[in-house]
Peer 1: 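Handing you this structure, nothing more for now.
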Amino acid sequence: MTATQTVAEALELSPVESHLHPAGSFNLEDHAVPSGLEEIWRFTPLKRLRGLHQDTPLDGEDFKVEVDAAEGVTAVSVPAADSARGVSGYVPVDRVSARAWEAARSVFEVTIPANAEIAEPTTIRLHGEGLEKAAAGHLLVRAGQFSKAVVVVDYDGSATWAENIEVVLEDGAQLTFVTIQDWNDDSVHVVTQHARVGRDAELRHIAVSLGGDVVRASTSADYLGTGGSVEMLGVYFADAGQHIEHRLFVDHTAPRTKSNVEYKGALQGKDAHTVWIGNVLIRKEAQGILTYESNDNLVLTDGATADSVPNLEIETGDIEGAGHASTTGRFDDEHLFYLQSRGIAEEEARRLVVHGFFNDIIRRIGVPALQERLVASIEEELAEHVGRIG
Amino acid sequence: MSTLEIKDLHVSVKTEEGDKEILKGVNLTVNSGEVHAIMGPNGSGKSTLAYSIAGHPKYDVTSGTVTLDGVDILSMTVDQRARAGLFLAMQYPVEVPGVSVANFLRTAKTAIDGEAPKLRTWVKDVNEALERVTLDKEFAQRSVNEGFSGGEKKRHEIAQLELLNPKFAVLDETDSGLDIDALRVVSDGVNRYSTQGDRGVLLITHYTRILQYIKPDYVHVFVAGRLAESGGRELADQLEAEGYDKYVKAAAQA
């Protein structure tokens with residue numbers, strides 16, 4: 001029996017029929033080439049995926065990985081056959097993910113030993129060096145019992161990249177896991193992430209999406225024991241022509257677990273498109289859980305489109321709380337009027353409002369260097385349009 | 001000495017039924033050193049006057065002038081008016097999520113003065129201004145007005161008034177919704193500001209209550225979009241006793 005089977009069988013769940021959680025399969029034949037009409041694909045511009053969803057070979061090697069591992073953390077590349085992948089219980093839920101699973105020759109494994117408390121972040125930089133040949137990757141992050149650590153994955157350069165990420169938190173582990181999509185404007189990145197959260201473990205999952213032509217990040221989490229907690233925070237900024245899609249799925253598979261999903265995005269320029277799908281399933285077993293999800297979009301110019309779809313499926317009424325909210329709007333005239341009435345020029349007032357909008361999330365990331373970098377990145381994005389609005 | 005002069009001001013707002021005239025020829029001159037109280041019933045257009053002077057985009061000035069020391073302010077943007085020396089304390093101060101009070105105040109002060117305040121004294125100035133209106137200094141780290149109680153928002157407006165120290169302050173129902181302690185704190189702040197001697201106050205209120213704490217030099221009755229009567233403090237006493245009925249009826253017959 002493999003580790004994967006052991007973990008999967010430890011979860012005895014009643015079956016739930018729902019499009020929120022399609023049954024996964026390692027067999028590529030179970031994942032037909034999507035037409036774009038499928039619920040999970042209908043927002044994604046398939047034509048711009050460079051065949052990642054079809055049959056384009058994923059054997060490219062035009063990328064570099066740099067690792068800056070904090071003391072006590074191991075970060076090594078392991079041949080796929082020898083790796084522990086699958087330990088999160090993840091089974092590919094779509095064709096790109098199944099293809100990436102099949103194509104990845106190695107798995108990058110980051111391991112935080114049990115009981116280790118490591119303040120210094122471990123950073124993995126993936127630098128794309130070419131678009132021509134698509135490539136596949138697999139990352140596995142394992143946080144040992146009662147460990148505490150920060151892992152940052154930082155993407156930049158140009159790439160056509162299909163990827164699976166697994167994150168496993170053993171009992172009592174506290175992990176902050178950050179992804180930063182700082183790609184060049186020509187990159188395509190389709191990534192599926194799954195986190196399994198142990199008893200009383202706390203995952204803080206932070207997604208920052210700024211660059212890329214098409215970024216589609218599907219992130220799911222479930223719980224192996226009671227008392228687990230998942231916070232998913234996201235910040236994104238889409239410019240003209242960019243497609244940034246976040247699909248979140250929290251599967252409350254254990255009692256007294258918590259989840260809080262908060263994503264904020266800004267859009268500017270013609271055909272900037274963002275998609276946010278926030279799915280939460282509260283299973284019959286998941287009594288006493290607490291969940292909240294929200295998405296706010298700030299549309300800075302004409303010609304941009306934000307899609308935002310929160311879904312909540314509840315199989316038990318015996319819960320502490322469940323809610324969701326979604327807003328999409330332009331600058332609030334009253335905000336601008338208030339700031340301007342104190343002498344602050346319109347352009348400066350707009351900058352303050354946008355920074356304020358993102359600040360709500362950024363100040364909770366808890367990694368100071370990253371917070372500063374994000375504020376600077378937003379300032380750069382704003383230089384493009386905000387000064388010229390109105 | 002400065003003068004804020006409003007002449008024959010007509011202002012409309014857009015409604016579903018078309019443009020609706022709210023201000024119907026307002027004439028008023030406020031000199032520095034003076035406190036003017038504008039009193040009127042609900043719906044008389046008092047707040048419209050305040051917002052029109054500040055330049056809120058919702059209000060459309062159809063005719064008339066507003067000048068500050070002879071300079072037309074109606075052609076200025078909202079922020080230019082503030083930099084020229086106008087301040088509006090709002091009835092419903094706006095919440096600005098994610099922007100800290102400290103950052104907001106520093107940005108505003110820098111804009112008004114044309115240079116950044118001296119770091120050494122500024123933090124102390126802010127803390128003292130908050131303390132004077134009985135707001136804890138931790139308010140400087142909170143988002144502007146977010147989660148503030150009604151009274152805290154009003155006191156925050158007065159702290160701004162003292163820090164930015166404009167030539168003229170328009171206070172739009174700053175007294176509404178305040179308990180007696182908060183009313184006293186707010187009134188003390190306005191009095192500290194006005195007793196500098198060279199600042200003008202236009203105090204808009206529905207109730208005479210605040211006039212126990214702030215003594216106006218002039219009292220104006222505002223009904224149906226214009227001033228119905230002007231006088232001294234004794235006019236407030238008369239309003240306290242008789243209410244606005246007489247003026248409302250007269251306006252309806254006109």
Side-chain angles (χ1 to χ4, degrees), chain A residues 233-237 262-266 294-298 300 325 327-365 371-372 374-379 381-382 386-387 389-390, chain B residues 50-59 76-114 141-147 153 156-157 159-161 163-167 169-170 172:
Chain A
L233 303 177
V235 168
Y236 52 91
F237 208 128
E262 285 180 61
Y263 272 61
K264 286 194 172 208
S294 72
N295 174 229
D296 299 299
N297 295 291
L298 191 53
L300 302 178
T327 67
T328 296
R330 292 173 169 274
F331 275 113
D332 186 329
D333 284 345
E334 296 302 323
H335 287 164
L336 295 180
F337 174 71
Y338 189 72
L339 297 172
Q340 283 187 266
S341 78
R342 301 309 185 238
I344 300 167
E346 184 175 350
E347 186 181 320
E348 179 80 0
R350 286 178 188 274
R351 288 183 51 248
L352 272 180
V353 170
V354 176
H355 277 295
F357 173 77
F358 282 122
N359 231 346
D360 248 8
I361 303 272
I362 291 175
R363 66 183 167 195
R364 284 187 282 149
I365 290 178
Q371 290 176 202
E372 281 164 34
L374 268 180
V375 170
S377 297
I378 287 163
E379 190 63 42
E381 297 273 359
L382 286 176
V386 165
I389 297 175
Chain B
Y51 279 88
S52 300
I53 294 170
H56 194 286
K58 184 179 153 194
Y59 301 98
M76 294 181 186
T77 59
V78 175
D79 49 296
Q80 284 168 342
R81 295 178 200 206
R83 294 199 294 274
L86 288 176
F87 180 89
L88 170 63
M90 297 187 199
Q91 185 178 0
Y92 302 108
V94 179
E95 299 184 3
V96 191
V99 178
S100 71
V101 167
N103 187 10
F104 164 64
L105 292 175
R106 192 178 58 246
T107 307
K109 184 69 176 170
T110 303
I112 298 280
D113 290 359
Q141 303 312 320
R142 290 175 60 177
S143 292
V144 172
N145 295 324
E146 199 178 41
K153 284 179 183 173
H156 179 219
E157 295 290 281
Q160 292 172 49
L161 170 69
L163 282 167
L164 301 178
N165 202 15
K167 287 180 185 163
V170 180
D172 183 20

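Throughout, a chain's letter reflects where its sequence line sits, starting with A, and its residues are numbered from 1.
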Peer 1: Using a plain distance cut of 3.5 Å, could you tabulate donor-acceptor pairs between chain A and chain B?
Peer 2:
residue : atom : partner : partner atom : Å
A:E334  : OE1  : B:H56   : NE2          : 3.3
A:E334  : OE2  : B:H56   : NE2          : 2.9
A:H335  : NE2  : B:E95   : O            : 2.8
A:Y338  : OH   : B:N145  : ND2          : 3.2
A:Y338  : OH   : B:E157  : OE2          : 2.4
A:Y338  : OH   : B:Q160  : NE2          : 3.0
A:Q340  : NE2  : B:D79   : OD1          : 2.6
A:R342  : NE   : B:Q160  : OE1          : 2.5
A:R342  : NH1  : B:L88   : O            : 2.7
A:R342  : NH2  : B:L88   : O            : 2.9
A:R342  : NH2  : B:E157  : OE1          : 2.7
A:R342  : NH2  : B:E157  : OE2          : 3.4
A:G343  : O    : B:R83   : NH1          : 2.9
A:N359  : ND2  : B:G98   : O            : 3.1

Peer 1: Could you have a look at B:P57, B:A111, B:A108, B:G55 and say which one has the most heavy-atom pairs with chain A under 4.5 angstrom?
Peer 2: B:A108
Peer 1: What heavy-atom pair brings A:L352 and B:V99 nearest, and what distance separates the two atoms?
Peer 2: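 Of all heavy-atom pairs spanning A:L352 and B:V99, the closest is O-CG2, 3.3 Å.
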Peer 1: Using every non-hydrogen atom in the two residues, find where A:G343 and B:A82 come nearest and quote the distance to one decimal.
Peer 2: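 Closest pair (atom of A:G343, atom of B:A82, distance): N-CB, 3.3 Å.
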Peer 1: Which bit of B:P93 is near chain A, if near means a heavy-atom gap under 4.5 Å: side chain, backbone, both or neither?
Peer 2: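 Both parts, backbone and side chain.
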Peer 1: Does any backbone or side-chain atom of B:L164 lie under 4.5 Å from a heavy atom of chain A? Answer side chain, backbone, both or neither.
Peer 2: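 It is the side chain, since no backbone atom gets that close.
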Peer 1: Looking at every non-hydrogen atom in both residues, tell me the closest pair between B:A54 and A:F337 and how far apart they are.
Peer 2: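 Closest heavy-atom pair between B:A54 and A:F337: CB-CZ, 3.9 Å.
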Peer 1: Among A:I344, A:L336, A:I362, who wins on heavy-atom pairs under 4.5 Å with chain B?
Peer 2: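 The option with the most such pairs is A:I344.
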